[in-house]
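Quantities reported herein were computed from a predicted structural model and do not represent experimental measurements.
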Amino acid sequence: MLDYKYEHRQYYSWMSELASFAEKEYEIEIELISEDNAFIYTYEKKKIQVKGTIPPRDKLYILLHEVGHVARMAENNGDSTYFMDRNGSKNIIERTMTLMEEVLAWQKAERIASRLGITIEKRAWQRLVNRSVQRYVDWTNDNLKENT
């Protein structure tokens with residue numbers, strides 16, 4: 001793990017500021033829980049849950065990413081560049097679109113961080129983005145293997 005640039009309380013302060021922003025701007029509930037690792041946005045319940053005992057910097061970055069999805073949904077809901085699994089078939093097209101949405105949500109998260117004055121530590125951010133996107137790449141490739 002890369003060294004922290006800030007004390008843990010600073011990351012928690014940014015998480016609180018981000019949660020307040022998201023709740024006001026997008027009318028969603030933010031729930032940070034220290035159990036079972038999971039990072040979930042539930043559209044029907046308008047709730048983001050970031051669960052787990054992961055380090056506060058990663059938790060902040062994951063929360064930024066999830067808010068990035070919500071922001072994209074709010075701003076692009078009628079736009080074909082925004083994608084949420086529409087029919088659940090998880091075919092290669094839907095998996096590829098999901099992968100693209102993941103990347104776009106990370107980009108949107110960076111813009112939100114900048115808007116709120118949240119400092120992103122570039123190396124730590126990029127490592128988390130790379131790990132996250134790689135999981136979706138692998139998931140997309142699994143579908144290709146299954147269908148060849």
Side-chain angles (χ1 to χ4, degrees), residues 1-2 4-90 93-143:
M1 178 188 304
L2 296 171
Y4 280 84
K5 185 174 182 179
Y6 302 97
E7 292 187 26
H8 286 193
R9 69 175 177 253
Q10 179 61 64
Y11 299 104
Y12 289 114
S13 174
W14 282 327
M15 279 186 258
S16 177
E17 182 180 345
L18 177 59
S20 294
F21 163 80
E23 289 169 353
K24 180 181 175 193
E25 189 79 13
Y26 304 111
E27 299 177 355
I28 60 170
E29 180 184 349
I30 305 290
E31 187 174 31
L32 302 170
I33 303 170
S34 297
E35 58 189 51
D36 302 329
N37 287 331
F39 321 109
I40 304 165
Y41 173 66
T42 308
Y43 178 71
E44 296 79 24
K45 296 179 182 176
K46 295 191 73 118
K47 176 190 264 186
I48 293 175
Q49 292 179 308
V50 179
K51 300 179 179 182
T53 56
I54 59 174
R57 178 177 55 204
D58 286 356
K59 194 173 271 194
L60 168 65
Y61 293 172
I62 290 164
L63 180 57
L64 275 163
H65 171 73
E66 294 302 325
V67 172
H69 280 299
V70 174
R72 282 189 41 74
M73 185 182 319
E75 296 166 9
N76 303 298
N77 202 11
D79 184 341
S80 63
T81 65
Y82 176 78
F83 177 74
M84 280 292 270
D85 182 13
R86 304 276 183 221
N87 65 19
S89 68
K90 301 285 191 231
I93 294 169
E94 287 194 6
R95 286 182 183 224
T96 301
M97 291 177 73
T98 299
L99 170 61
M100 291 168 48
E101 173 54 32
E102 288 301 312
V103 172
L104 292 170
W106 282 109
Q107 290 176 334
K108 184 65 175 180
E110 282 188 90
R111 290 193 295 279
I112 291 169
S114 177
R115 175 179 174 185
L116 297 177
I118 296 172
T119 302
I120 290 178
E121 297 163 61
K122 290 295 185 183
R123 285 187 61 216
W125 175 265
Q126 196 59 55
R127 285 175 64 159
L128 185 59
V129 170
N130 291 350
R131 281 195 322 262
S132 174
V133 171
Q134 186 61 54
R135 282 194 294 271
Y136 281 94
V137 167
D138 294 343
W139 174 75
T140 303
N141 283 333
D142 286 346
N143 183 265

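- In this structure a side-chain-to-backbone donor-acceptor pair under 3.5 Å is present from Tyr61 to Glu121.
- In this structure, CZ in Arg57 is found 12.0 Å from CH2 in Trp125, a value given to the nearest 0.5 Å.
- Distance CG/Asp58 to CG/Leu63: 12.5 Å, rounded to 0.5 Å.
- Nearest heavy atoms, Lys59 versus Val50: CG-CG1, 3.5 Å.
- Applying the side chain to side chain donor-acceptor pair (under 3.5 Å) test between Lys108 and each of His65, His69, Glu75 identifies Glu75 as the sole match.
- The CG atom of Leu64 lies 5.0 Å from the CG atom of Leu18; values are rounded to the nearest 0.5 Å.
- Remark: Thr119 engages Tyr6, Trp14 in a side-chain contact (heavy atoms from CB on, under 4.5 Å) (not counting sequence neighbours).
- Checking side-chain atoms of Thr140 against main-chain N and O of Tyr136 turns up a donor-acceptor pair under 3.5 Å.
- We find the CG-CZ distance between Leu128 and Arg123 to be 14.0 Å, quoted to the nearest 0.5 Å.
- Listed for the Ser16 side chain is no donor-acceptor partner under 3.5 Å among the backbone atoms of Tyr12.
- By the 30° and 60° cut-offs, the orientation of the rings of His8 relative to Tyr4 is tilted.
- Of the possible donor and acceptor atoms, one in the side chain of Glu23 sits under 3.5 Å from a partner among the backbone N and O of Ile30.
- Residues satisfying the side-chain contact (heavy atoms from CB on, under 4.5 Å) criterion with Ser20, sequence neighbours excluded, are absent altogether.
- A donor-acceptor pair under 3.5 Å is formed between the side chain of Asn76 and the backbone N or O of Arg72.
- Across all non-hydrogen atoms, the minimal contact from Ala22 to Val67 is CB-CG2, 3.9 Å.
- With salt bridges taken as basic N to acidic carboxylate O contacts below 4.0 Å, none links Lys46 and Glu29.
- How far CD1 of Ile48 is from OH of Tyr26: 10.0 Å, rounded to the nearest 0.5 Å.
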Full working for side-chain contact (heavy atoms from CB on, under 4.5 Å) between Lys47 and Ile28: CA-CA 5 Å; Lys47 176 190 264 186; Ile28 60 170; over 6 Å; no
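- For Gln134, the side-chain contact (heavy atoms from CB on, under 4.5 Å) criterion is met by Val137, Asp138, not counting sequence neighbours.
- The CD atom of Gln126 sits 11.5 Å away from atom CZ of Arg131, with the distance rounded to the nearest 0.5 Å.
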